[in-house]
Structure formats: structure tokens, C-alpha cells
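Heads up: the structure comes next, in C-alpha cells.
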Amino acid sequence: MSQDTAAIELKYQLFVERVAATKLVWALTSKQGWANSHAQHDEEVGVVPFWSDRALAKICARDDWRSFTPTEIPLAEFLENWCVGMAENGTLAGINWDATMIGKEADTLNVALDILNRLSAINSAITFKNYSSINEFITEISEPFD
């Protein structure tokens with residue numbers, strides 16, 4: 001694993017731990033909508049970037065995104081609406097990108113599973129609209145992988 005890949009994986013793990021702890025995810029919005037880009041490996045694949053902290057999102061509100069503002073998304077909404085919806089659309093999540101737009105591009109169901117597993121590990125209470133528990137949510141979104 002290269003040093004860059006290791007750094008990106010570390011930023012991803014920090015994202016998972018931080019959002020599980022704070023129950024907040026950050027994204028950038030403007031009057032035009034949510035900040036988005038395309039995947040490094042395929043311009044046909046969309047990526048929506050998310051951050052674990054407002055300050056990290058704010059750093060990326062520059063150049064083409066200079067009119068964008070960091071906006072919080074409650075974790076339950078992120079998991080149920082964003083991750084599941086983006087998976088259906090084939091859109092990836094950009095995780096904790098830095099100012100040069102470098103960071104992990106991840107399948108949103110994998111992101112959701114990692115966060116749900118972290119929530120379970122820390123015995124965190126979280127209320128979902130569509131699932132009765134963390135374990136039910138994990139079971140539901142794990143089925144496509146079986």
C-alpha cells in the first residue's frame with residue numbers, strides 16, 4: 001500500500017469514527033444544489049463529497065465551489081436517504097477530500113455498513129425512519145453482497 005493510499009484509508013477510518021461519534025455528516029451546498037464531481041477513474045460516475053467535520057468541508061469551498069457552504073446532514077438521514085439513494089443511482093461518496101480534492105471514492109453501501117458497524121461497536125443509540133435497529137439496517141443493505 002502506498003503512502004498516499006494509506007493516508008486516504010486513514011482519513012476514511014477517521015470519517016467513520018467521527019460521524020459515528022457526532023452523528024453528523026457535512027456536505028457543501030449552494031443555490032444550485034449539492035457539490036458534486038465525477039470519479040477519478042470514470043467521468044461517467046458521479047461523486048458527492050462528504051466530510052466528518054465542518055472545517056474540512058469549508059477548506060474545499062473554493063475555486064468552482066467557492067459559493068458553497070458547509071451544511072450538516074443528520075447521520076440517520078445520511079445513512080437512510082443519501083447512502084441508499086446514491087447506491088441505487090450508482091453514485092459514489094467522496095470521503096474527507098482535502099483541498100486538492102484527493103480522498104477516497106467509496107461505494108455508499110460500503111460506507112453505510114462501515115458506519116453502522118462502528119455504531120454497533122460503540123453501542124450507540126440512533127433512530128431510523130425505515131429500520132427498527134442498526135442490525136436490521138445492516139441485514140437489509142448487506143443482502144446485495146451475499
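Ring planes of F50 and W82: perpendicular class, angle over 60° (limits at 30 and 60°). Between F137 and Y131, the ring planes are parallel. Angles under 30° get that label, and only those over 60° would be called perpendicular.
Remark: the backbone N or O of V47 is not paired with any side-chain donor or acceptor of E105 at under 3.5 angstrom. Proximity of a side-chain donor or acceptor of T71 to a complementary backbone N or O of T69 within less than 3.5 Å is detected. For the pair N36 (side chain) and G46 (backbone), a donor-acceptor distance under 3.5 Å is absent. Side-chain atoms of T108 do not come within 3.5 Å of backbone N or O of A93 as any donor-acceptor pair.
In this structure, CG on N110 lies 8.0 Å from NZ on K104, to the nearest 0.5 angstrom. Rounded to the nearest 0.5 angstrom, T139 OG1 and I134 CD1 are separated by 12.0 Å. Interatomic distance, R66 CZ to D64 CG, rounded to the nearest 0.5 Å: 7.0 Å.
Transitive grouping of hydrophobic side chains (ILVMFWY, heavy atoms separated by less than 4.5 Å) keeps L28 and M86 in distinct clusters. Cluster annotation: M101 and V45 are assigned to the same hydrophobic cluster (Ile/Leu/Val/Met/Phe/Trp/Tyr, side-chain heavy-atom contacts under 4.5 Å, transitive). Residues V16 and L75 share a single hydrophobic cluster, defined by chaining ILVMFWY side chains whose heavy atoms lie under 4.5 Å apart. Tracing side-chain contacts under 4.5 Å through hydrophobic residues (I, L, V, M, F, W, Y), one never reaches I73 starting from L56; they form parts of separate clusters.
Considering all non-hydrogen atoms of both residues, A112 and C83 come closest at CB-CB, 3.9 Å. Closest non-hydrogen pair, E80 versus V84, comes out as O-CB, 3.3 Å. In terms of heavy atoms, K11 sits closest to G103 at NZ-CA, 4.5 Å. In terms of heavy-atom proximity, W26 sits nearest to A57 at CB-CB, 4.2 Å. Looking at every heavy atom in both residues, F68 comes nearest to A61 through O-CB, 3.5 Å. Closest of all the heavy-atom pairs between S133 and E136 is OG-N, 3.0 Å.
Residues E44 and H38 form no side-chain contact, since every pair of their non-hydrogen atoms from C-beta on lies 4.5 Å or further apart. Put simply, the side chain of L24 does not reach to within 4.5 Å of the side chain of F78, judged on heavy atoms. Side-chain contact check for W97 versus S37: some heavy-atom pair is nearer than 4.5 Å.
Within 6.0 Å of CG on N89 lie more than 12 heavy atoms contributed by other residues, nucleotides or ligands.
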Can you give the donor-acceptor pairs under 3.5 Å from side chains of residues 114-126 to other protein atoms, not counting sequence neighbours?
unit_1 : atom_1 : unit_2 : atom_2 : d
D114   : OD2    : Y12    : OH     : 2.5
N117   : ND2    : L113   : O      : 3.0
S124   : OG     : K23    : NZ     : 2.7

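Residues passing the salt bridge (Lys or Arg N to Asp or Glu O under 4.0 Å) test with D53, sequence neighbours excluded: R18.
There is a side-chain donor-acceptor pair under 3.5 Å between T100 and D98.
None of V111, I95, V19 except one satisfies the side chain to side chain contact (heavy atoms under 4.5 Å, CB included) rule with V25; the exception is V19.
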